[in-house]
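As structure tokens, the structure follows; a few thoughts come after it.
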Amino acid sequence: MTTIDAQTLPAPAPADLLAWYDRHARRLPWRIGPAERGRGVTPDPYRVWLSEIMLQQTTVTAVKPYFEAFLDRWPDVAALAAAPSEEVMKAWAGLGYYSRARNLKAAAEAVAGTLGGKFPQTESGLAALPGIGSYTAAAIASIAFDQPAAVVDGNVERVLTRVFAVETPLPGAKSEIRRLQERLTPKARPGDYAQAMMDLGATICTPKRPACVLCPWEASCAAHAAGIEESFPRKAAKTARPERAGAAFVARREDGAILLRRRPDKGLLGAMTEVPGTDWLPVFSSDKALADAPFRADWQRTVAPVVHVFTHFRLTLDIYAAAPPRGFNLPEGHWWSPPDDLPGEALPSVMKKAIEAVHPGITRRRR
DNA sequence: AAAGCGTGGTC
DNA sequence: TGACCAAGCTT
């Protein structure tokens with residue numbers, strides 16, 4: 001039982017956080033920094049939206065190149081709305097959580113169409129768009145439209161559960177954290193405040209080894225006072241990750257083309273591209289794998305299977321390779337992708353691994 | 001409302 | 001090396 005006497009600590013002041021942000025804000029491609037914003041420069045809602053969708057459960061490092069590529073190719077919401085879905089999926093390949101790309105396209109069409117090219121400026125209006133939930137709606141409303149919306153993401157959860165030593169485990173503590181954030185969010189500079197919370201969580205109030213000496217709220221932090229910062233946020237125990245297994249078939253034509261097909265629109269890796277394969281099952285019998293091959297051939301299994309870890313299961317894939325027989329008829333929904341096209345296909349990472357297991361380097365863009 | 005949904009980096 | 005983690009949303 002931990003008891004923390006928070007009474008003796010001064011309340012965390014948003015002004016102190018903003019002052020810290022003025023000096024230490026990260027420079028990010030989608031961000032208008034505090035100095036510029038102070039001069040009246042306002043962010044482009046399209047860029048804010050695009051970055052927020054990409055940043056969902058995804059690191060800044062992973063997002064940067066994708067953000068730049070999207071912006072180069074589709075500089076505004078009208079351009080994105082007019083883009084073929086296939087091209088958007090290809091451009092998103094490798095970033096993960098592919099429903100985001102499908103929702104991104106749908107939201108762009110709604111904004112460019114029904115909404116007359118303008119993003120909604122209210123939280124509820126934003127949250128009505130596909131792919132925008134409570135966090136993203138609040139983030140866009142505050143950052144792009146300067147509204148005092150309470151932004152609650154993983155960073156905010158970590159910072160506030162530490163500052164206030166919230167004992168309730170996540171996800172149960174969410175409503176409590178929301179109330180704290182509503183109370184703290186300032187009417188002035190709410191967008192900078194939101195981004196300051198993210199920067200604080202990302203650079204100072206980190207999950208491991210937080211740099212409390214550098215924190216503008218050090219004196220107000222109950223967890224720090226008790227010397228137990230790292231134990232927050234409390235979390236419910238998580239269940240073990242189950243195993244699944246299957247087989248994938250890498251068919252290569254004489255000219256080097258690889259046989260591909262499109263996955264169903266919904267579900268795991270929905271609407272993305274894959275090599276033919278079996279279902280992925282908790283109990284997989286490798287004797288029966290060849291029954292699901294795209295054609296009869298002398299399929300050669302690689303020595304080592306491909307192992308890939310998804311959020312909710314671990315996959316072991318046996319990889320088989322063969323050339324198609326003469327007279328092979330292309331099944332519905334399949335196509336031969338020439339080597340030059342492979343790097344640009346909408347292949348998720350697990351599928352690139354499968355292909356690379358047989359043909360190293362073939363899915364990577366040459367230069 | 002709990003489960004489904006990716007990937008790559010870190011320690 | 002495996003567990004944890006990163007600006008969550010949808011059903």
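In what follows, chains are A, B, ... by sequence order, proteins preceding strands, each numbered from 1. Please read these numbers as outputs of a predicted model, since none were measured by experiment.
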[X] side chain to [Y] side chain, donor-acceptor N/O pair below 3.5 angstrom:
{"X": "A:Thr136", "Y": "A:Glu52", "result": "no"}
{"X": "A:Asp298", "Y": "A:Gln300", "result": "yes"}
{"X": "A:Glu176", "Y": "A:Thr168", "result": "yes"}
{"X": "A:Arg209", "Y": "A:Thr206", "result": "no"}
{"X": "A:Tyr135", "Y": "A:Gln56", "result": "no"}

A:Arg158 side-chain N/O to C:dA6 phosphate OP1/OP2 under 4.0 Å
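Checking A:Arg158 against C:dA6: at least one side-chain N or O falls below 4.0 Å of OP1 or OP2.
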Quick one, A:Glu356 with A:Arg364, criterion salt bridge (Lys or Arg N to Asp or Glu O under 4.0 Å). Give me CA distance, side-chain angles, the key distance, then yes/no.
CA-CA 9 Å; A:Glu356 295 269 331; A:Arg364 274 168 276 168; 2.9 Å; yes
Which atom of A:Val63 lies closest to which atom of A:Met54, heavy atoms considered:
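That would be CG2-O, 3.3 Å.
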What's the shortest heavy-atom distance between A:Val41 and A:Ile32, and which atoms?
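So the minimum-distance heavy-atom pair works out to O-CG2, 3.7 Å.
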Can you tell me how far C1' in B:dA2 sits from the matching atom in C:dA7, rounded to whole Å?
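Rounded to whole Å, the distance is 23 Å.
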Please state the C1' separation for the pair C:dT10 and B:dA1 - nearest whole angstrom.
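So the two C1' atoms sit 12 Å from each other.
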Could you list the residues that satisfy ring pair (Phe, Tyr, Trp, His ring centres under 6.0 Å) with A:His224, not counting sequence neighbours?
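Per chain and number, A:His224 pairs via ring pair (Phe, Tyr, Trp, His ring centres under 6.0 Å) with no residue.
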In whole Å, I'd like the distance from the [atom1] atom of [X] to the [atom2] atom of [N].
{"X": "A:Phe67", "N": "C:dA7", "atom1": "CZ", "atom2": "P", "result": "18 Å"}
{"X": "A:Tyr66", "N": "C:dA7", "atom1": "OH", "atom2": "C1'", "result": "18 Å"}
{"X": "A:Ile53", "N": "C:dA7", "atom1": "CD1", "atom2": "C1'", "result": "10 Å"}
{"X": "A:His312", "N": "C:dC4", "atom1": "NE2", "atom2": "P", "result": "17 Å"}
{"X": "A:Glu230", "N": "C:dA3", "atom1": "CD", "atom2": "C1'", "result": "15 Å"}

Would you indicate what [X] reaches in the nucleic acid, counting non-hydrogen atoms under 4.0 angstrom: base, sugar-phosphate, or nothing?
{"X": "A:Val309", "value": "base"}
{"X": "A:Trp92", "value": "nothing"}
{"X": "A:Lys174", "value": "nothing"}
{"X": "A:Val151", "value": "nothing"}
{"X": "A:Leu28", "value": "base"}
{"X": "A:Pro171", "value": "nothing"}

Terminal contacting nucleotides, 5' and 3', DNA chain B versus chain A (heavy atom, 4.0 Å):
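Range of nucleotides within reach of chain A: B:dG4 to B:dG8.
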Does anything in residues 183-213 of chain A come within less than 4.0 Å of DNA chain C? Heavy atoms only, and list the residues if so.
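Correct list: A:Met198, A:Pro207.
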For the pair A:Asp199 and A:Arg31, evaluate salt bridge (Lys or Arg N to Asp or Glu O under 4.0 Å) and give the outcome as yes or no after the intermediate values.
CA-CA 12 Å; A:Asp199 281 18; A:Arg31 172 179 286 180; 2.7 Å; yes
Tell me whether the guanidinium CZ or amine NZ of [X] lies under 6.0 angstrom from the six-membered ring centre of [Y] and within 45° of its axis.
{"X": "A:Arg100", "Y": "A:Trp49", "answer": "no"}
{"X": "A:Arg244", "Y": "A:Phe313", "answer": "yes"}
{"X": "A:Arg102", "Y": "A:Tyr98", "answer": "no"}

Side-chain polar contacts of residues 83-94 of chain A - donor-acceptor pairs under 3.5 angstrom, sequence neighbours left out - could you list them?
from	atom 1	to	atom 2	distance (Å)
A:Glu86	OE2	A:Arg262	NH1	2.6
A:Glu87	OE1	A:Arg73	NH2	2.7
A:Trp92	NE1	A:Gly96	O	2.9

DNA chain B contacts made by residues 268-280 of chain A, counting heavy atoms under 4.0 Å
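Within residues 268-280 of chain A, the residues near DNA chain B are A:Leu268, A:Leu269.
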Listed pairs, N/O of protein and of nucleotides 8-11 of chain C, under 3.5 Å:
from	atom 1	to	atom 2	distance (Å)
C:dG8	OP1	A:Gly154	N	3.2
C:dG8	OP2	A:Gln57	N	2.8
C:dG8	OP2	A:Gln57	NE2	2.9
C:dG8	O5'	A:Gln57	N	3.4
C:dG8	O5'	A:Gln57	NE2	3.4
C:dC9	OP1	A:Gly133	N	2.9
C:dC9	OP1	A:Gly133	O	3.4
C:dC9	OP1	A:Thr136	N	3.0
C:dC9	OP1	A:Thr136	OG1	2.8
C:dT10	OP1	A:Gly131	N	2.7

